[in-house]
Each structure stands twice: as structure tokens, then as C-alpha cells.
Number of protein chains: 2
Amino acid sequence: MAVTMKDVAEHAGVSLPTVSRVINDTSYVNAETRAKVLAAIEELQYVPNQMAASLRSNNTKTLALLVPDIASSFWTTVLRGVEDEAMARGYHVFLGNTDDDPAKEARYIDGLVRRRIDGLLIAPTAKSVPLLRRLRQQGMGCVVVHRPVSGLEIDTVRSDAYASAVILTQHLLAAGCRRIAFIGGEIEQGRLRAYRETLAAAGQVLDPALVRIGPLSEQVGEQLVNTVLARNPPPDAIFIGNNRLATGALHALGRANAQRSEPIAIAAFYDSAALSVYAPPMIAAIQPAYEIGRYSTRRLFDRLANKPVDGHEIILSNRIMIVSGAHTPSLEPAAG
Amino acid sequence: MAVTMKDVAEHAGVSLPTVSRVINDTSYVNAETRAKVLAAIEELQYVPNQMAASLRSNNTKTLALLVPDIASSFWTTVLRGVEDEAMARGYHVFLGNTDDDPAKEARYIDGLVRRRIDGLLIAPTAKSVPLLRRLRQQGMGCVVVHRPVSGLEIDTVRSDAYASAVILTQHLLAAGCRRIAFIGGEIEQGRLRAYRETLAAAGQVLDPALVRIGPLSEQVGEQLVNTVLARNPPPDAIFIGNNRLATGALHALGRANAQRSEPIAIAAFYDSAALSVYAPPMIAAIQPAYEIGRYSTRRLFDRLANKPVDGHEIILSNRIMIVSGAHTPSLEPAAG
DNA sequence: AGCCCTCGAGAAATCGTTAACATAGTTTCG
DNA sequence: CGAAACTATGTTAACGATTTCTCGAGGGCT
């Protein structure tokens with residue numbers, strides 16, 4: 001049916017492995033022979049069968065990235081970083097969307113293992129540790145993206161959310177805010193901890209009603225803001241711990257602030273893509289999504305090549321940005 | 001190294017093909033034998049090698065979806081539809097992001113053909129017709145998603161953008177608008193045509209300066225709105241022809257309308273996900289993204305199974321929605 | 001008794017590549 | 001000058017599954 005390497009070999013008048021050598025550039029081939037083979041490939045419109053190659057050579061030239069939320073610009077930006085790095089090496093990337101659901105995650109991973117992908121980049125759910133452990137036992141190259149994993153020494157690439165959260169909280173305190181609400185996601189405990197500890201260090205007592213955790217979506221962001229705003233007395237600042245929540249939360253806050261003389265101060269984990277769409281005055285921590293994607297992938301390739309690497313955690317720093325009154329976000333970095 | 005079917009067979013005391021029969025449920029197997037085999041699989045933690053299976057059986061149980069913009073909630077929703085339909089049949093989906101760049105598209109497709117995917121769902125760029133033609137020649141199952149293709153009879157699943165655009169334009173006209181601006185994307189000519197023809201049919205002359213085409217991003221949406229608003233006299237309505245543009249455009253319009261006594265009327269191709277984040281008063285055409293994904297995939301499977309299908313175009317209708325003053329969008333459908 | 005179907009399972013061929021090994025002519029170098 | 005090293009190609013054996021063929025036992029028909 002389809003054109004195979006054998007056909008190409010016959011057409012070019014050479015042996016089959018020679019064709020393979022030309023294609024993969026894997027051994028010496030005479031320039032004339034190479035030309036003949038390339039001509040035959042062109043003429044027959046031959047496309048190599050990756051299945052057969054993978055079966056024999058034991059690698060698929062394929063990675064996978066499992067993200068919790070494909071609709072988040074953070075994750076799509078990570079994907080871009082991963083793809084750029086992978087494609088440059090001739091690899092393809094399988095993208096999977098887990099919705100932070102362990103069952104979905106498991107289903108994906110089963111399919112990926114069946115397909116013998118070479119390596120996995122994953123933002124694991126809270127319950128994925130045993131799964132990760134098993135994967136590593138099976139010898140699958142794994143890098144955890146953007147989320148710290150406890151109880152398992154595994155390569156991780158993330159930004160230092162804790163440190164940024166401290167800076168953001170301190171900034172609000174320095175601005176004189178005394179009732180700082182927090183909204184965030186279940187999985188991002190580090191940011192909540194940073195907020196709590198920074199308030200405590202400053203001798204502030206926090207109103208538990210001002211801390212709201214919820215699933216990561218725009219709608220929830222909006223709801224959580226409305227919930228904390230309804231508290232009496234209302235907060236004088238809000239810390240938004242997640243970029244997806246932020247998109248909804250900022251709109252709610254925009255409407256609320258429009259009707260106040262004294263606006264509610266805002267600190268948020270936000271996103272450079274989202275920033276260019278909507279950016280009210282606030283202090284924001286912008287996570288280096290693209291770089292996280294690239295570094296994760298590089299680390300994965302290093303592992304696959306058995307290169308020695310030092311440490312199993314790569315921590316990138318967020319960009320702290322102060323957005324002033326104008327809509328167009330100022331580009332002055334406030335800290336590293 | 002890894003556990004193979006042979007190992008399972010030996011462990012279970014049966015022959016290798018029997019294991020295959022148990023796994024694929026492809027022939028009679030005694031209940032006891034089956035139990036033994038399943039136990040062996042469990043014990044050895046065997047995971048089938050899809051490469052080997054695909055090589056022999058000539059199918060990969062893998063589809064691919066190539067979208068122009070992964071950051072658009074429209075396309076991620078399409079993906080959900082595709083995945084639900086595919087996973088239910090034991091297929092996996094390769095997602096690729098082309099950015100509407102023919103070169104990127106070609107690179108992806110090469111990788112997919114190498115990997116011998118069973119079928120392709122694609123939102124082609126404006127220049128993809130020859131590529132599609134070649135793919136079909138090679139026998140690759142193809143379904144075009146959401147975009148009409150001219151000069152080629154190929155399965156297509158899309159919504160009737162033209163009809164909706166007519167309704168939206170008529171609605172603006174009926175509301176008394178006389179200077180209706182249009183912003184949209186290069187690729188979506190049908191909507192622009194509908195707008196032009198409806199205006200012409202109503203005897204309206206259109207100011208060419210009020211028609212702006214640009215690449216599909218939030219920022220551009222915002223810019224295009226600002227451009228047409230700067231026109232003197234300004235438009236009294238804006239037709240936004242794309243959901244991605246709409247996200248940016250609506251914010252710009254929101255700010256503009258806040259400072260006017262007579263607000264600018266809005267008609268937009270929008271998105272149910274985006275709608276729940278931000279929805280000013282307007283008339284919107286909501287495209288059935290999830291259904292588009294599902295129907296495309298079903299059609300693809302029908303083709304792969306050589307089922308007879310009638311026609312090569314499936315056209316779904318958009319939901320026309322009138323969002324009234326309140327932020328929470330009304331759910332009253334205005335037309336089919 | 002003879003025939004055909006259902007049920008069950010093994011032997012061997014096969015899918016399209018790459019890896020390992022073999023073979024030789026030609027340089028290079030101590 | 002002879003051993004090693006490089007260049008260039010062919011032969012053969014995997015890789016890990018599925019498919020086809022074959023064989024048999026048992027049951028229900030004519």
C-alpha cells in the first residue's frame with residue numbers, strides 16, 4: 001500500500017539500510033549515493049514510518065505535557081516554551097488536559113505509556129505522588145512543572161511563588177492596608193502560607209472570613225471577590241493568588257472600585273498575556289511561563305541523555321510589576 | 001528490559017497470541033485462560049506497546065486536531081468535544097497549534113503523517129488547500145473544522161456564520177443604528193460579506209474607514225475598536241466578527257460607553273466561556289464549539305469506518321443571544 | 001457416518017524500520 | 001611497511017505486537 005523504505009531502496013538501486021542512513025544521517029554515505037536516495041524519496045513521496053522506527057530504536061521522539069487547565073494562558077504559554085524547545089530537537093509534544101482530575105490524569109498517562117513516549121512533563125494533581133513514583137520506577141523520564149512535590153525527589157521547574165507572595169503582601173502592608181483578603185486555589189498552598197506568615201510577622205490578625213479557596217476559574221474568581229467584599233467591615237485590599245481567578249476577580253473589583261472613593265488595593269498572581277488585555281492598578285507577580293516550559297524541557301532532555309545535572313529543583317523568579325493608574329501597564333520592574 | 005507480551009504468555013502458561021486475544025477481545029478465549037492471563041498482566045504490570053501493535057495492525061488509535069489558536073476558548077472547547085468523542089472510542093488526540101502559519105502547519109502535519117495518525121481534524125489556514133489535497137491523496141482521513149474550504153470537496157463541520165452575521169446586522173439596523181463599524185479577522189470573510197450585503201440590502205452606504213481587519217488577538221481587538229471610535233463622526237454600533245477579538249474589543253467599548261450618554265450598540269461573535277466572564281449589553285452569536293468538536297470527530301470516525309454519509313458538509317446553527325443591561329447574561333434565545 | 005459450525009489455542013509469517021556484524025578499499029601514521 | 005582508522009555499503013537479525021493458518025474437540029444436523 002504505502003511507500004516503504006524498501007521501495008525507496010529499490011528505486012535508488014541501493015540497499016535498505018543505506019536509505020536509513022541517509023535519512024537519519026547516522027553513518028558515512030557517499031554524496032552521490034545520498035543524492036540518488038534523496039531523489040528517490042522525493043519522487044516516491046516517501047514518508048518514514050515512525051512506528052516502525054520507534055519499535056526498533058526504542059524511542060518515539062515524542063514528549064507529553066500534562067496541564068491542569070488548557071484554557072489558562074499561563075499553561076498555553078508554558079506549552080509554547082515546551083514546543084519550541086522540543087521541536088528544535090525534532091521532537092513532538094503530546095498535550096493533555098487533566099482538569100486537575102486524578103482519574104483523567106491516570107487515563108492520559110496510561111495512553112502515553114502505551115505509546116512509549118520518551119518523557120513526560122507534568123503539573124501533577126495533589127494526589128499524584130504514587131503515580132509519579134511508579135512512573136519513575138518504570139524508567140519514564142519525568143519533570144514536574146510549576147508545582148512543588150513533597151515526599152519525592154523528582155526534577156521540578158517552578159517559580160518561587162512563596163517569595164513573590166511575601167513581596168506582594170508586604171507591599172500591601174506598606175501601603176497601609178490592614179484588612180487584606182486572600183483568594184486562591186486549593187493547590188497553591190505556598191502562596192496562602194506566605195500571606196499568612198507575612199501578616200503574622202507584621203503582627204496583623206487576620207479575619208478568617210477574608211480567606212477564600214476555590215476551584216480555578218474566572219467565574220469562581222468573581223464569586224470569591226464578591227464574597228469577601230460582602231464581609232462587614234469590607235477588606236481594604238485583596239490578594240489574588242492565581243492568574244485564572246484573577247481574570248474574573250479583577251472585573252468584579254473594577255466594578256466595585258468604580259463606586260468607591262477609597263479603592264480596594266490589589267495584589268495578584270497574573271499573567272503577561274492577560275495583563276495586556278486588562279490591567280487595573282495593582283501590584284502583580286508575573287510568572288515566567290514560557291521560560292518554565294523551556295527549562296522543564298531542557299531538564300527533561302538532559303535526563304534522557306543521562307547528562308549530569310545538579311539539584312533536582314530549578315526555581316525561576318517572578319517579575320514583580322506595579323501597574324499604575326493608566327490602563328496600559330507600566331513596564332517598570334519593581335523587584336526581581 | 002520492559003515487560004513484553006511474551007513474558008506475560010510465559011508467566012500465564014499460554015501462547016503469545018492468546019494474550020493478544022485476551023487484551024483485544026478479538027476471538028474466543030476460555031474464561032479460565034482469560035483469568036490466568038489477566039492475572040499475569042496485573043502481576044507483571046504489563047503495558048502493551050502501541051508502537052508494535054500499530055506497526056502490525058496498521059492503525060495507531062490516534063487522531064490529531066490542528067487549531068489556529070490554542071489560547072482561544074473557542075478552540076479549547078472544540079478540543080473538549082473532540083477528546084470526549086475520541087476517548088470514548090479508545091482513541092487519543094494529538095493537539096497542535098498552528099497560529100494560522102502555513103509553515104507551522106506543514107511541520108505539524110509532517111510529524112503526524114510520520115506517526116501514521118488515523119485521522120486529522122484541522123482548521124486550515126487560507127493557503128492549505130494543496131496540502132489538504134495531498135493528504136487526501138495519501139488516504140489520510142481528514143475533516144475540516146469550522147472553516148469553509150473552497151475548491152475542494154472535503155468533509156467540513158462548521159456553524160453558519162454567514163446567517164448569524166446577517167441576523168446580527170439586521171438587529172443593529174432594526175435598533176436604528178446607521179453607522180455600523182465592523183472589525184474582524186482575515187480568515188472570516190463570510191461574516192464580513194454578510195455584514196456588507198445586509199447593509200447594502202437595507203440601502204445603507206458604508207464608510208470604508210469603519211471596516212477594520214486584523215490578526216486575531218485580544219490586543220488587536222482593542223486597537224481596532226479604538227481606531228474606529230476615533231473616526232469622525234464615530235460609529236453608533238460595532239460588529240465584532242470574532243470571539244478572540246471580542247474579548248479585547250468589549251473592554252475598550254466598555255470604557256468608551258461609560259463616558260457616553262448614548263452607548264454604542266454591540267453585536268459580536270462571542271463565546272459561552274467568555275460570556276460568563278464579561279458580558280456587556282449586546283447581541284451575540286454563540287458558536288456551538290463543543291458540538292463542532294463532537295460532530296467533526298464523529299464524521300471522521302464514520303469515514304474511517306467507511307460508513308456511508310450523506311453530504312460532505314455539516315452546518316450547525318449558532319445561538320443568538322441578547323445580553324441585556326445586567327452583567328449576568330440573560331439566557332433567552334433570540335433566534336435559532 | 002459424514003458434514004459443518006462453534007469454541008479454543010498454538011505455530012509461523014509479517015508489519016517497516018534500525019542495530020549489529022561483516023566486508024573492503026583507502027588513508028594515516030609511527 | 002604494516003597496523004590502525006576512516007569511508008562506504010551490504011547482510012541479517014531483531015523490535016513487540018497482530019494476523020493468518022492450522023489443528024482439534026465437541027455438538028447438532030442431515
Side-chain angles (χ1 to χ4, degrees), chain A residues 1-38 40-41 44-62 90 110-111 113-118 138-139, chain B residues 1-38 40-41 44-62 90 110-111 113-118 138-139:
Chain A
M1 188 79 218
V3 180
T4 72
M5 213 171 227
K6 196 177 154 201
D7 301 323
V8 175
E10 281 167 9
H11 198 87
V14 299
S15 74
L16 195 147
T18 299
V19 178
S20 173
R21 285 189 265 258
V22 169
I23 289 176
N24 301 311
D25 201 24
T26 182
S27 165
Y28 307 103
V29 176
N30 184 290
E32 269 181 56
T33 314
R34 157 170 287 121
K36 272 195 299 184
V37 170
L38 290 176
I41 289 176
L44 299 179
Q45 293 255 48
Y46 169 68
V47 182
N49 184 326
Q50 182 71 45
M51 299 299 118
S54 296
L55 177 58
R56 184 66 242 258
S57 67
N58 208 31
N59 66 17
T60 50
K61 299 262 178 208
T62 307
D110 178 61
V113 173
R114 279 178 128 78
R115 282 167 181 75
R116 298 293 192 268
I117 56 160
D118 294 334
Q138 294 173 1
Chain B
M1 188 79 215
V3 180
T4 73
M5 211 171 228
K6 196 177 154 201
D7 301 324
V8 175
E10 281 166 8
H11 198 89
V14 300
S15 75
L16 193 148
T18 299
V19 178
S20 173
R21 286 190 264 258
V22 169
I23 288 176
N24 300 312
D25 202 23
T26 181
S27 166
Y28 306 105
V29 176
N30 183 289
E32 268 181 58
T33 314
R34 159 170 284 120
K36 273 196 300 184
V37 170
L38 290 176
I41 288 175
L44 299 179
Q45 294 255 48
Y46 170 67
V47 182
N49 184 326
Q50 181 73 44
M51 299 300 117
S54 297
L55 177 58
R56 184 67 240 261
S57 66
N58 209 30
N59 66 16
T60 50
K61 300 262 178 207
T62 307
D110 178 62
V113 173
R114 280 177 126 78
R115 283 168 180 74
R116 298 293 192 269
I117 56 161
D118 294 333
Q138 293 172 3

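We name chains A, B, ... by the order of the sequence lines, and we start the count at 1 in each one.
B/N59 has its CG atom 16 Å from the P atom of C/dC15, to the nearest Å. One atom, CE of A/M51, and another, C1' of C/dT14, lie 17 Å apart when rounded to the nearest Å. Rounded to an integer number of Å, the gap from CD of A/E10 to P of C/dG16 is 13 Å. In this entry the distance linking CG of A/N58 with P of C/dT17 reads 17 Å, nearest Å. The CZ atom of A/R115 sits 18 Å away from the P atom of D/dG16 (whole-angstrom rounding). Separating the CG atom of A/L16 from the P atom of D/dG10 is a distance of 10 Å, rounded to the nearest angstrom. Computed from coordinates, the B/K6 NZ to C/dA11 C1' distance equals 14 Å when rounded to whole Å. For the pair B/I41 CD1 and D/dA17 P, the interatomic distance rounds to 10 Å; values are reported in whole Å.
A heavy-atom distance below 4.5 Å is found between the side chains of A/E10 and A/K6. Side-chain contact between A/I23 and A/I41 is present, with at least one heavy-atom pair separated by less than 4.5 Å.
At least one donor-acceptor pair closer than 3.5 Å links the side chain of A/R116 to the backbone N or O of A/V113.
The heavy-atom pair separating B/S20 from B/T26 by the smallest distance is O-CG2, 4.4 Å. Counting all heavy atoms, side chain and backbone alike, B/L44 lies closest to B/V3 at O-CG2, 3.5 Å. Closest approach of B/T60 to B/D118, counting heavy atoms only: N-OD1, 3.0 Å. Listed here is the closest heavy atom pair of B/N59 and B/Q50: O-NE2, 4.1 Å. Looking at every heavy atom in both residues, B/V37 comes nearest to B/V8 through O-CG1, 4.2 Å. Smallest separation of non-hydrogen atoms from A/S27 and A/R21: CB-CD, 3.5 Å.
Here A/L55 contributes atom CG and B/R56 contributes atom CZ; the two are 12.5 Å apart, rounded to the nearest 0.5 Å. Expressed to the nearest 0.5 Å, how far CE of A/M5 lies from CG of A/L16 amounts to 6.5 Å. The OG1 atom of A/T62 lies 7.0 Å from the CE atom of B/M51; values are rounded to the nearest 0.5 Å. Note that CD of B/Q45 is 6.5 Å distant from CD of A/Q138, once rounded to the nearest 0.5 Å.
When the side-chain nitrogen and oxygen atoms of B/S15 are compared with OP1 and OP2 of C/dG10, one or more of them lie within a distance under 4.0 Å. Using a 4.0 Å cut-off, no side-chain N or O of B/S54 falls inside it from OP1 or OP2 of D/dA17. Phosphate contact (OP1/OP2 of D/dT9, side-chain N/O of A/T18, threshold under 4.0 Å): absent. Using a 4.0 Å cut-off, some side-chain N or O of A/T33 falls inside it from OP1 or OP2 of D/dT9.
Closest to the side chain of A/N30, from the set C/dT18, D/dG16, D/dA8, is D/dA8. When distances are taken from the side chain of A/S57 to each of C/dT17, C/dA19, D/dG16, the shortest belongs to C/dA19. Of the listed nucleotides (D/dT19, D/dT9, C/dT17), D/dT19 has the atom at the smallest distance from the side chain of B/P17. Closest to the A/A53 side chain, of the nucleotides D/dG10, D/dA17, C/dT17, is C/dT17. Of the candidates C/dT18, D/dT9, D/dT18, the closest approach to any side-chain atom of A/V29 belongs to D/dT9.
A/R56 contributes no side-chain N or O that forms a donor-acceptor pair with the base of C/dT17 under 3.5 Å.
Here B/V19 lies out of heavy-atom contact (under 4.0 Å) with every strand.
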Name the pairs: protein N/O against N/O of nucleotides 25-27 of chain C, kept only if under 3.5 Å.
none

Polar-atom pairs under 3.5 Å, protein N or O versus N or O of nucleotides 23-28 of chain D: list them with distances, or write none.
none

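Listed in residue order, the members of residues 21-28 of chain A having a heavy atom less than 4.0 Å from DNA chain D are A/R21, A/S27, A/Y28.
Heavy-atom nearest nucleotides on DNA chain C were determined for B/G13 and for B/A52, and the one closer to the 5' end corresponds to B/G13.
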